[in-house]
Amino acid sequence: INAEYMGEQTLKIIKQKYDEFGYVLDPHTAVGVFVAESLPLTGTTVCLSTAHPAKFDETIQKAINISVTHESLERARNLPIRCHPIDSDKAAVMEYIAKVVKN
C-alpha cells in the first residue's frame, strides 16, 4: 500500500466513522481501523485510539471539515519546547528517566 493511497483511505475512514458514530478518529487510529476492517476477522474487533485528533487539525479538517481542539493541547502549545539529547542506549535512557523522576 503506498502512502498516497493510505492518505486517501485515512481521510475516508475518519469521515466514515464520524458519519456513522459521531466519533473523530485520529489518523493513526484510522489506519488501524482500516487494517482491522481489511482482515478476515470474526467476532468483535476493538481498536484502541493512539492519539487525540486535535494533534492533527489539518487532516481532520480535510476529512470532516471541523476543527477539533483539546484544552490541555492548547495549553501545551504555549509552553517552551524542551529537548534533552541523550545517547541511544538503554543505560543512558534509564539514567535520564531516573534523574527526571527524582526531581
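Residue numbers count from 1 along this sequence.
K15 pairs with exactly one of I64, I60, L25, T10 by the side-chain contact (heavy atoms from CB on, under 4.5 Å) rule, that one being I64.
Taking 4.5 Å as the limit, every side-chain heavy atom of Y23 sits out of range of all side-chain heavy atoms of P53. With contacts defined as side-chain heavy-atom distances shorter than 4.5 Å, the pair I13/Q16 qualifies. Looking at D89 and V93, their side chains never come closer than 4.5 Å, going by heavy atoms from C-beta outward. Residues F56 and H28 form a side-chain contact, since some pair of their non-hydrogen atoms from C-beta on lies under 4.5 Å apart. Using a 4.5 Å cut-off on side-chain heavy atoms (C-beta onward), V31 and Q9 make no contact.
A donor-acceptor contact shorter than 3.5 Å links the side chain of D57 to the backbone of V68.
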Please step through side chain to side chain contact (heavy atoms under 4.5 Å, CB included) for the pair I66 and V24, ending with a clear verdict.
-> CA-CA 10 Å; I66 65 170; V24 182; 4.2 Å; yes
Item checked: Evaluation steps, side chain to side chain contact (heavy atoms under 4.5 Å, CB included), between F34 and C47 -> CA-CA 10 Å; F34 173 79; C47 289; over 6 Å; no
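Transitive grouping of hydrophobic side chains (ILVMFWY, heavy atoms separated by less than 4.5 Å) keeps L11 and F21 in distinct clusters. Residues I86 and M94 do not share a hydrophobic cluster, defined by chaining ILVMFWY side chains whose heavy atoms lie under 4.5 Å apart.
Surrounding CD of E95 are at most 12 heavy atoms belonging to other residues, nucleotides or ligands under 6.0 Å away.
Contacts of E20 classified as salt bridge (charged side-chain N to carboxylate O under 4.0 Å, His left out), with partners at least two apart in sequence or in another chain: K17.
Using modelled atom types, one finds no donor on one side chain facing an acceptor on the other under 3.5 Å when comparing Q61 with N65.
Between H52 and H70, the ring planes are perpendicular. Angles over 60° get that label, and only those under 30° would be called parallel.
For the residue pair I14 and A30, the shortest heavy atom distance occurs at CG1-CB, 3.7 Å. The two atoms that bring A51 and S49 nearest to each other are O-OG, 3.4 Å, heavy atoms only.
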Check: residues 74-82 side-chain donor-acceptor pairs under 3.5 Å, at least two apart:
{"residue": "R75", "atom": "NH1", "partner": "E71", "partner atom": "OE2", "Å": "2.7"}
{"residue": "R77", "atom": "NH2", "partner": "A54", "partner atom": "O", "Å": "3.2"}
{"residue": "N78", "atom": "ND2", "partner": "E74", "partner atom": "O", "Å": "3.4"}

